[in-house]
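Everything numeric in this text was worked out from a predicted model, so none of it was measured. Chain A is the first sequence line, chain B the second, and so forth, proteins listed ahead of strands; every chain is numbered from 1. The analysis underlying the following values was restricted to heavy atoms, covering all of them including side chains, and did not include hydrogens, waters or symmetry mates.
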There are 2 protein chains.
Amino acid sequence: MGTSTERRRGYAAGDARRERILHIATQEFAEHGYRGTSLARVAERAGLSQPGLLHHFRTKEQLLVAVLELRDRRDMERYFDGDGASGGLDLLAALVRVVEHNSRTPELVRLFVVLTSEAVTADHPARDWARARYARLRTWVAHALRRAAAAGDLRPDLDADATAARIIAIMDGLQTQWLLDPAAIDMPALFRAHIDDLLASLRAHHEA
Amino acid sequence: MGTSTERRRGYAAGDARRERILHIATQEFAEHGYRGTSLARVAERAGLSQPGLLHHFRTKEQLLVAVLELRDRRDMERYFDGDGASGGLDLLAALVRVVEHNSRTPELVRLFVVLTSEAVTADHPARDWARARYARLRTWVAHALRRAAAAGDLRPDLDADATAARIIAIMDGLQTQWLLDPAAIDMPALFRAHIDDLLASLRAHHEA
DNA sequence: GTCTATATGCGGATAGAC
DNA sequence: GTCTATCCGCATATAGAC
């Protein structure tokens with residue numbers, strides 16, 4: 001699936017130069033945000049001149065878009081191909097694993113936190129991306145919750161949309177606190193506790 | 001309390017020019033972030049030249065600090081002087097009111113969301129402010145939860161620190177989703193639902 | 001595809017007159 | 001306390017040679 005996307009754009013999947021630029025740009029956007037990132041610095045780290053960089057990505061905005069697309073694609077591979085379209089209750093366990101993985105890759109977490117919040121400012125190029133990403137996430141989680149309810153694993157009267165929004169909210173909120181003060185926040189444990197509480201209150205009471 | 005701070009700095013509480021600058025700077029920082037805000041634009045909107053602005057705040061960073069201090073002070077007045085040091089369970093009701101108020105003042109919410117997340121980037125002037133603010137918020141909420149437990153309103157075995165971090169996380173996470181897509185997110189309702197669930201699972205079972 | 005050179009603009013901050 | 005004028009640096013982007 002990633003491959004077809006790349007073919008459509010007319011460059012080989014294994015374009016090392018391009019991948020290297022994207023890798024470095026990802027780090028720079030994470031460290032300094034979109035506005036704080038300088039193309040000259042990305043270029044220098046990638047071992048080419050700034051106009052050389054603009055040969056591959058015609059504007060800074062296009063570079064950002066390419067970074068976001070790459071990350072979305074990688075995440076899809078990781079969480080969809082891996083678990084399949086993980087159904088029902090398995091999703092919650094998968095989310096716990098996502099958070100555990102995130103706690104070992106702070107730079108990727110920073111990328112999302114920084115760009116998502118920058119996106120709420122006026123005329124930001126990542127605005128549509130952020131909005132669409134949240135809508136997609138909410139739909140995805142809500143869908144899994146409904147399937148779990150239909151399968152009899154969760155109470156049939158649960159509010160799937162509200163629960164999904166809350167789960168995503170707590171993931172995001174914990175990330176910010178954790179990035180600012182990692183020693184004070186045990187992100188995976190706190191998220192796991194939330195999921196446990198959720199299950200305790202939403203689990204269908206077969207035996208009760 | 002605000003007054004004494006102002007006196008210490010040697011300007012009258014009612015310095016209209018200064019207050020006007022801070023008001024406009026608050027809007028600009030909220031709309032464009034720290035990096036995206038231009039002193040020239042703040043100055044223009046405030047009706048003076050850019051060097052004129054720098055007479056009142058010697059650097060952009062000092063302007064930011066002044067904005068953050070003013071907001072913290074206003075919030076303190078609002079939520080401490082108002083409810084007193086709202087004790088125990090009342091705090092949760094107070095937080096619901098805070099979220100309801102926030103949903104009517106998106107620009108102030110945006111200020112916090114944007115600056116807090118920008119603060120996780122390298123060498124950002126609001127870093128210490130953001131870290132200290134979260135530490136203070138967590139301590140404050142955890143303290144209230146412990147008092148509620150001591151008063152017999154909540155289970156004595158609750159993890160106050162973890163619960164506090166989670167409450168703050170969900171407030172923040174909902175804010176981001178709401179700012180990006182207000183029509184899709186009923187922020188006060190979602191937060192209230194979370195508090196209700198929390199109470200349901202943490203309430204001491206006197207009658208049970 | 002990559003470079004050097006450069007256009008062009010905006011940013012924050014300073015000097016010094018009024 | 002506010003202004004005009006200006007410094008200086010950095011930003012993105014382009015032109016055109018190789």
query = Going by number, which of residues 22-41 of chain B have a non-hydrogen atom under 4.0 Å from DNA chain D?
reply = none

key: Separation of dA15(D) C1' from Arg58(A) CZ (nearest whole Å)   = 15 Å

query = Is there a donor-acceptor pair under 3.5 Å between the side chain of Glu118(A) and the backbone N or O of Gly33(A)?
reply = no

message = Counting only heavy atoms not in Glu44(B) (residues, nucleotides, ligands), do more than 12 fall under 6.0 Å from its CD?
response = no

query = Leu54(A) has an atom CG; how far is it from atom C1' of dA7(C), in whole Å?
reply = 14 Å

remark   = Taken in chain and number order and not counting sequence neighbours, the residues that satisfy side-chain hydrogen bond (donor to acceptor under 3.5 Å, both in side chains) with Arg192(A) are Glu100(A)

key: Worked check of side chain to side chain contact (heavy atoms under 4.5 Å, CB included) between Val114(B) and Phe29(B)   = CA-CA 8 Å; Val114(B) 170; Phe29(B) 283 138; over 6 Å; no

ask   = Which residue pairs satisfy the side chain to side chain donor-acceptor pair (under 3.5 Å) criterion with at least one member in residues 162-171 of chain B, sequence neighbours excluded?
value = Asp197(A)-Arg166(B)

query = Base, backbone or nothing for each nucleotide of nucleotides 2-9 of chain D, written B, S, -, heavy atoms under 4.0 angstrom, 5' to 3'?
reply = BBBB----

key: Qualifying salt bridge (Lys or Arg N to Asp or Glu O under 4.0 Å) pairs, either residue in residues 51-66 of chain B, two or more places apart   = none

key: Which residues share a salt bridge (charged side-chain N to carboxylate O under 4.0 Å, His left out) with Arg138(A), sequence neighbours left out   = Asp181(B)

request  = Report yes or no: does Arg131(B) contribute a side-chain atom to a donor-acceptor pair with the main-chain N or O of Ala119(B) at less than 3.5 Å?
outcome  = no

